[in-house]
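To start, the structure under review is shown below, and the notes come after it.
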Amino acid sequence: ETGVTQTPRHLVMGMTNKKSLKCEQHLGHNAMYWYKQSAKKPLELMFVYNFKEQTENNSVPSRFSPECPNSSHLFLHLHTLQPEDSALYLCASSQARREQFFGPGTRLTVL
Amino acid sequence: EDQVTQSPEALRLQEGESSSLNCSYTVSGLRGLFWYRQDPGKGPEFLFTLYSAGEEKEKERLKATLTKKESFLHITAPKPEDSATYLCAVQGGETSGSRLTFGEGTQLTVNP
């Protein structure tokens, strides 16, 4: 594996389900990010982790819960989501504040 | 608050017809301006980083330039495979951390 990988690529869930998105970076970076991309809207930063420590939470609802067990892995735990949470969820990594490299994304549909 | 505005929203070109995409920004202490390319259903692909006014970078048919208020992505003799959404993002000074503020993108279609 190279670059940034994300699983699953597609996810359909009901509003009462609990699911998790996984991201892994193979670039040796020390920062990881979660973004949300909705149609006709700019990418929205959700969370930032530097050296496994959360350094930014962009007013994200508590139904989204991030976890960063080490500098290579990042999870986004989802529970009791709403239909408006349907979007493309993108993971990215960077070395400090340099350019960010993105994964392919998880297309999430909440029914 | 950092802001990025990209224009036009959509652009249709004929193969070989050169043009430019615009990214206007306001930021407190620009640390870097980034260009990405995004294909449908995929994550953004990094193209360029520009750090200071007057800087230029090139890659194949693409050339990015930067002034104190805006950046241009010039596309010379485009091909159909250049069709994608092009995203611009800025990173501000120390108080912004590693946050990137993105524009809404320009959707480019190049017809054969």
Side-chain angles (χ1 to χ4, degrees), chain A residues 2-11 21 23-25 27 29-51 53-60 71 87-109, chain B residues 1-10 21 23-51 55 57 59 64 66 71 84-107:
Chain A
T2 59
V4 180
T5 57
Q6 290 186 243
T7 55
R9 294 295 312 278
H10 302 272
L11 178 62
L21 310 184
C23 173
E24 183 174 0
Q25 61 97 359
L27 300 169
H29 290 163
N30 56 19
M32 296 188 76
Y33 311 80
W34 280 117
Y35 286 87
K36 175 183 179 182
Q37 188 174 37
S38 305
K40 304 295 184 182
K41 294 176 71 174
L43 269 75
E44 300 172 55
L45 179 65
M46 300 175 73
F47 302 103
V48 181
Y49 277 82
N50 284 283
F51 295 102
E53 299 297 321
Q54 184 176 315
T55 56
E56 190 156 352
N57 176 337
N58 197 27
S59 302
V60 179
S71 58
L88 182 68
Y89 288 85
L90 292 161
C91 174
S93 72
S94 71
Q95 183 58 31
R97 301 180 66 194
R98 296 181 61 84
E99 53 273 357
Q100 296 177 19
F101 292 86
F102 286 81
T106 295
R107 173 64 64 184
L108 174 66
T109 302
Chain B
E1 183 179 336
D2 301 341
Q3 290 189 328
V4 176
T5 303
Q6 292 188 245
S7 61
E9 289 186 19
L21 312 182
C23 171
S24 297
Y25 65 89
T26 56
V27 65
S28 177
L30 180 71
R31 184 173 175 85
L33 184 140
F34 304 85
W35 281 99
Y36 288 85
R37 168 194 171 126
Q38 186 173 24
D39 293 299
K42 297 187 177 181
E45 174 189 347
F46 171 72
L47 294 174
F48 304 109
T49 308
L50 301 169
Y51 293 103
E55 189 175 1
K57 289 202 175 164
K59 179 180 179 180
L66 181 65
S71 176
T85 296
Y86 290 85
L87 302 173
C88 172
V90 296
Q91 186 177 68
E94 288 300 322
T95 57
S96 297
S98 52
R99 163 190 292 268
L100 292 184
T101 299
F102 280 85
E104 294 189 20
T106 292
Q107 185 174 1

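Residue numbers start from 1 in every chain, and the chains themselves are labelled A, B, ... in the order their sequence lines are given, proteins ahead of strands.
If you take CD on A:E99 and CZ on B:F48, they are separated by 12.0 Å, rounding to the nearest 0.5 Å. Rounded to the nearest 0.5 Å, atoms OH (A:Y33) and CG (B:L100) are 7.0 Å apart. Annotation: the span from A:S94 atom OG to B:F46 atom CZ amounts to 11.5 Å, rounded to 0.5 Å. To the nearest 0.5 angstrom, A:L43 atom CG is 11.0 Å from B:E104 atom CD. Atoms CG and CD, on A:L88 and B:Q38 in that order, are 7.0 Å from each other to the nearest 0.5 Å. In this structure, CD on A:E44 lies 11.5 Å from OG1 on B:T101, to the nearest 0.5 angstrom.
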Would A:N58 and B:R99 satisfy side chain to side chain contact (heavy atoms under 4.5 Å, CB included), going step by step from the backbone distance to the final call? CA-CA 10 Å; A:N58 197 27; B:R99 163 190 292 268; 3.2 Å; yes
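Proximity to chain B (any heavy atom under 4.5 Å) is restricted, for A:L45, to the side chain, taken from C-beta onward. For a residue to count as touching a neighbouring chain, one of its non-hydrogen atoms must lie under 4.5 Å from one of that chain's; by this rule A:Q37 touches chain B with the side chain only. Neither the backbone nor the side chain of B:E45 comes within contact range of chain A, judged by heavy atoms closer than 4.5 Å. Of the two parts of B:Y36, only the side chain, counted from C-beta on, holds a non-hydrogen atom closer than 4.5 Å to a non-hydrogen atom of chain A.
By the 4.5 Å heavy-atom criterion applied to side chains, A:P42 and B:V4 are not counted as neighbours.
Other residues, nucleotides and ligands contribute only 12 or fewer heavy atoms inside 6.0 Å of the NZ atom of B:K42. In B:Q107, the CD atom is not crowded: 12 or fewer heavy atoms of neighbouring residues, nucleotides or ligands sit closer than 6.0 Å. Around CD of B:E9, the count of heavy atoms belonging to other residues, nucleotides or ligands within 6.0 Å does not exceed 12.
The most heavy-atom pairs under 4.5 Å with chain A, out of B:G105, B:G43, B:G32, B:G41, come from B:G43.
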